[in-house]
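Data block below; observations after.
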Amino acid sequence: MGSANVRLVTSQKDLNSFTRHLLQDIHALERMLDENWFEAGQMHIGAEQEICLVDQHYKPAPKVMELLKTLEVKGFTTELAKFNIEANLDPIAFKKDCFNALEAQVNDRLKDLDEIAKTLNVDFVLTGILPTIRKFDLEEENITPLKRYHALIKAINKLRGKIYELRIMGLDELHIKHDSAMIESCNTSF
């Protein structure tokens, strides 16, 4: 999924170069649309499952890099936080039993993850927001140690500032202000 060669735009020259590349990509997409390069027959479906890694107390376990070193199964990758992992599912034909096939893929990936996670005393939870997450889990030392995530955090900070507000309304309400875009790592989804 994309290139890991990421850097921040720091000058007008960089911005001009980025804009040129973006316009080239848009022109390529226009050509692909004009020349019918996209499959028109059978539709396909694919998905990714984001997962929270937890310790024996169900607190975030920042072990993604260790897991990926020993997880030889294709389809797993990093996410923003060291306590998240992503399972990418293979595209399948969008027909009859495609959702059963998608579920089987998820279960296979989770079985593979479980086998390796146990060797590192790690477990995992499929949840939208991990209810045991603490504010200090969202500090920048828990950013996955890849340039792309540090660049993403810097870019978001530049666009939005350094105060992030999360408000969850309902029976149990939460209103929190945080000084890092790492608050985005609270969310995992299918």
Side-chain angles (χ1 to χ4, degrees), residues 1-9 43-94 97-157 164 166 168 174 176 178-190:
M1 298 288 293
S3 170
N5 185 11
V6 177
R7 64 183 175 85
L8 285 175
V9 171
M43 291 180 63
H44 287 78
I45 186 171
E48 64 182 37
Q49 176 67 64
E50 298 170 349
I51 302 162
C52 293
L53 303 174
V54 295
D55 64 17
Q56 68 272 19
H57 305 291
Y58 293 95
K59 304 287 192 231
K63 300 279 189 176
V64 71
M65 300 310 283
E66 294 92 328
L67 270 171
L68 289 174
K69 281 180 190 172
T70 55
L71 194 62
E72 295 178 3
V73 178
K74 68 178 178 91
F76 284 97
T77 190
T78 56
E79 265 295 325
L80 178 61
K82 292 178 188 176
F83 52 81
N84 298 136
I85 193 167
E86 178 180 295
N88 291 305
L89 307 180
D90 300 324
I92 56 175
F94 189 59
D97 65 343
C98 65
F99 295 113
N100 289 334
L102 214 54
E103 179 186 21
Q105 274 194 58
V106 170
N107 288 333
D108 287 345
R109 294 283 199 283
L110 295 178
K111 182 180 173 218
D112 294 333
L113 177 60
D114 189 48
E115 288 174 10
I116 300 301
K118 283 179 181 174
T119 68
L120 296 171
N121 295 319
V122 173
D123 205 346
F124 58 88
V125 178
L126 301 179
T127 184
I129 298 175
L130 185 64
T132 56
I133 204 159
R134 300 149 300 187
K135 192 172 180 180
F136 67 82
D137 293 317
L138 305 175
E139 297 300 327
E140 294 197 13
E141 70 258 7
N142 274 331
I143 295 173
T144 298
L146 298 174
K147 287 182 184 179
R148 66 185 286 185
Y149 296 112
H150 289 278
L152 177 63
I153 294 289
K154 286 179 185 172
I156 292 171
N157 286 344
Y164 300 87
L166 175 66
I168 300 174
L174 174 67
I176 187 173
H178 193 48
D179 62 354
S180 171
M182 276 291 287
I183 200 163
E184 294 291 333
S185 66
C186 288
N187 295 330
T188 56
S189 62
F190 177 77

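Throughout, residue positions are numbered sequentially from 1 according to the sequence presented. Please read these numbers as outputs of a predicted model, since none were measured by experiment.
Between Asp90 and Arg109, at least one side-chain N (NZ, or NE/NH1/NH2) sits under 4.0 Å from a carboxylate O, which counts as a salt bridge.
Atom CG of Leu102 and atom CD1 of Ile92 lie 5.0 Å apart (nearest 0.5 Å). Separating the CG atom in Asn157 from the NZ atom in Lys154 is a distance of 10.0 Å, to the nearest 0.5 Å.
Glu184 and Leu80 get closest at one heavy-atom pair: CB-CD2, 4.0 Å. Nearest heavy-atom pair, Asp179 versus Tyr164, reported as atom, atom and distance to 0.1 Å: C-CD1, 4.0 Å. The two atoms that bring Met65 and Leu146 nearest to each other are CE-CD2, 4.2 Å, heavy atoms only. In terms of heavy atoms, Ile153 sits closest to Glu140 at CG2-OE2, 4.1 Å. Taking each heavy atom of Ile143 and Lys82 in turn, the nearest pair found is O-CE, 3.4 Å. Closest heavy-atom contact between Thr144 and Glu79: OG1-O, 2.7 Å.
For Asp55, there are no salt bridge (charged side-chain N to carboxylate O under 4.0 Å, His left out) partners, not counting sequence neighbours. Lys111 pairs by the salt bridge (charged side-chain N to carboxylate O under 4.0 Å, His left out) definition with nothing, not counting sequence neighbours.
Tested against Phe76 for a side chain to side chain contact (heavy atoms under 4.5 Å, CB included), the candidates Ile116, Val64, Asn88, Leu68 yield a single pass: Leu68. The side chain to side chain contact (heavy atoms under 4.5 Å, CB included) test with Val54 is passed by exactly one of Asp123, Val122, Thr127: Asp123.
In this structure, the side chains of Cys52 and Asn84 come closer than 4.5 Å at one or more pairs of heavy atoms. Thr188 has its side chain out of reach of Leu126: every pair of non-hydrogen atoms, C-beta onward, lies at least 4.5 Å apart. For the pair Asn187/Ile129, a side-chain contact is recorded, criterion being any heavy-atom separation below 4.5 Å from C-beta on. Taking the side chain as every heavy atom from C-beta outward, His44 and Cys98 never approach each other to under 4.5 Å. Side chains of Met182 and Lys135 form no contact here, defined as non-hydrogen atoms less than 4.5 Å apart. Using a 4.5 Å heavy-atom threshold, the side chains of Asp137 and Leu130 count as separate.
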